[in-house]
S.K.: 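Got a structure here, written out as structure tokens. Questions coming.
Throughout, residue positions are numbered sequentially from 1 according to the sequence presented. Everything numeric in this text was worked out from a predicted model, so none of it was measured.
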Amino acid sequence: MDPITRARINDGMRDTLAEVLGRDVQDPRVAGVTVTGVQVTQDLAYAKVFFSVLGDAERRRVAERGLAHIAGFLRREIGKRMRLRTYPQLRFEFDSSLEYGAHIDTLLRELRDGKPKEGEDV
């Protein structure tokens, strides 16, 4: 498959998933989940969905279980809304880049101010 077509499908799936999660899903386990990216395989059989959620590790695990629980519904909605011939199997993976970015931002701010947090070596 053409890389440009795959990129369009990735973006379309990300937007569709974000819309469905925001409007149509009532499961409290996935409240506050943000879809940060999607990568489909060459044959559109599988899609790796990257998500982020605010909170600790327990909140992340709860969100991951909730997403796995509604994966069939999400798969069906993606197929209908995007008019795909095959509905890809969804695999969810936590995207830690937002947390990492916030951590780096905090470290840079502390270095600029000249006062690291107590108990931290910079």
Side-chain angles (χ1 to χ4, degrees):
M1 176 183 294
D2 177 19
I4 295 172
T5 304
R6 258 178 67 191
R8 275 194 212 127
I9 291 173
N10 289 338
D11 291 342
M13 284 182 69
R14 183 194 65 226
D15 295 343
T16 303
L17 282 169
E19 182 181 336
V20 170
L21 284 172
R23 292 184 184 174
D24 301 333
V25 175
Q26 301 299 321
D27 193 337
R29 295 177 291 184
V30 296
V33 169
T34 303
V35 178
T36 58
V38 175
Q39 288 181 348
V40 295
T41 57
Q42 200 73 350
D43 59 356
L44 296 179
Y46 295 96
K48 191 183 298 185
V49 179
F50 297 96
F51 73 95
S52 179
V53 64
L54 294 177
D56 58 353
E58 179 60 27
R59 174 70 178 110
R60 182 182 327 149
R61 281 191 294 276
V62 168
E64 203 162 1
R65 278 187 256 131
L67 287 168
H69 182 73
I70 62 170
F73 170 74
L74 294 174
R75 181 181 182 200
R76 192 170 47 253
E77 287 297 312
I78 287 170
K80 282 195 287 189
R81 293 179 186 208
M82 293 185 66
R83 297 186 198 121
L84 296 174
R85 189 174 302 166
T86 60
Y87 299 2
Q89 292 282 333
L90 302 177
R91 295 182 177 163
F92 298 97
E93 191 170 309
F94 182 72
D95 185 6
S96 61
S97 64
L98 296 176
E99 288 179 356
Y100 182 72
H103 176 69
I104 295 297
D105 188 46
T106 303
L107 289 176
L108 289 173
R109 191 175 308 117
E110 289 172 357
L111 283 175
R112 185 187 65 215
D113 295 342
K115 38 187 159 173
K117 287 183 182 178
E118 290 182 26
E120 278 192 21
D121 291 335
V122 180

S.K.: So which atom in Val53 and which in Arg60 form the shortest heavy-atom distance, rounded to 0.1 Å?
M.R.: CG1-CA, 3.9 Å
S.K.: Suppose the criterion is salt bridge (Lys or Arg N to Asp or Glu O under 4.0 Å): which pairs have a residue in residues 28-40, not counting sequence neighbours?
M.R.: Asp27-Arg29
S.K.: Output all residues satisfying side chain to side chain contact (heavy atoms under 4.5 Å, CB included) with Arg65, sequence neighbours left out; order by chain, then residue number.
M.R.: Glu58, Arg61, Val62
S.K.: Please check this pair: side chain of Thr86 against backbone of Ala45, looking for a donor-acceptor N/O pair closer than 3.5 Å.
M.R.: no
S.K.: Write down the atom of Val40, the atom of Asn10, and the distance for their closest heavy-atom approach.
M.R.: N-OD1, 2.9 Å
S.K.: Please find the pair of heavy atoms, one from Leu90 and one from Ala71, that lie closest to each other, and give the distance.
M.R.: CD1-O, 3.9 Å
S.K.: Would you say the side chain of Leu74 lies within less than 4.5 Å of the side chain of Phe92, judging by non-hydrogen atoms?
M.R.: yes
S.K.: Taking side-chain hydrogen bond (donor to acceptor under 3.5 Å, both in side chains) as the definition, give me every residue that meets it alongside Asp24, ordered by chain and number, with sequence neighbours left out.
M.R.: Arg81
S.K.: Taking all heavy atoms of Met13 and all of Ala47, pick out the closest pair and write down the distance.
M.R.: CE-CB, 3.6 Å
S.K.: Would you please name every residue forming a salt bridge (charged side-chain N to carboxylate O under 4.0 Å, His left out) with Arg75, sequence neighbours left out?
M.R.: none
S.K.: Could I get the full list of salt bridge (charged side-chain N to carboxylate O under 4.0 Å, His left out) partners for Arg109, not counting sequence neighbours?
M.R.: Asp105
S.K.: According to side-chain hydrogen bond (donor to acceptor under 3.5 Å, both in side chains), who are the partners of Thr34, at least two apart in sequence or on a separate chain?
M.R.: none
S.K.: I need the Leu84 CG to Leu44 CG distance, nearest 0.5 Å.
M.R.: 6.5 Å
S.K.: Please enumerate all residues that pass side-chain hydrogen bond (donor to acceptor under 3.5 Å, both in side chains) together with Asp43, with sequence neighbours excluded.
M.R.: Thr41
S.K.: Holding to salt bridge (charged side-chain N to carboxylate O under 4.0 Å, His left out), I want the full list of residues that pass it with Arg83, two or more places apart in sequence or in another chain.
M.R.: none
S.K.: Report the residues that fulfil ring-ring contact (aromatic ring centres under 6.0 Å, His included) with Phe51, sequence neighbours left out, ordered by chain and then residue number.
M.R.: Phe94
S.K.: Output every pair passing salt bridge (Lys or Arg N to Asp or Glu O under 4.0 Å) with a member in residues 1-11, not counting sequence neighbours, ordered by first then second residue.
M.R.: Asp11-Arg14
S.K.: Please identify each residue that fulfils salt bridge (charged side-chain N to carboxylate O under 4.0 Å, His left out) with Arg76, with sequence neighbours left out.
M.R.: none
S.K.: So, for Gly66 and Val30, which heavy atoms are closest and what is the spacing to 0.1 Å?
M.R.: C-CG1, 3.6 Å
S.K.: Would you please name every residue forming a side-chain hydrogen bond (donor to acceptor under 3.5 Å, both in side chains) with Lys48, sequence neighbours left out?
M.R.: none
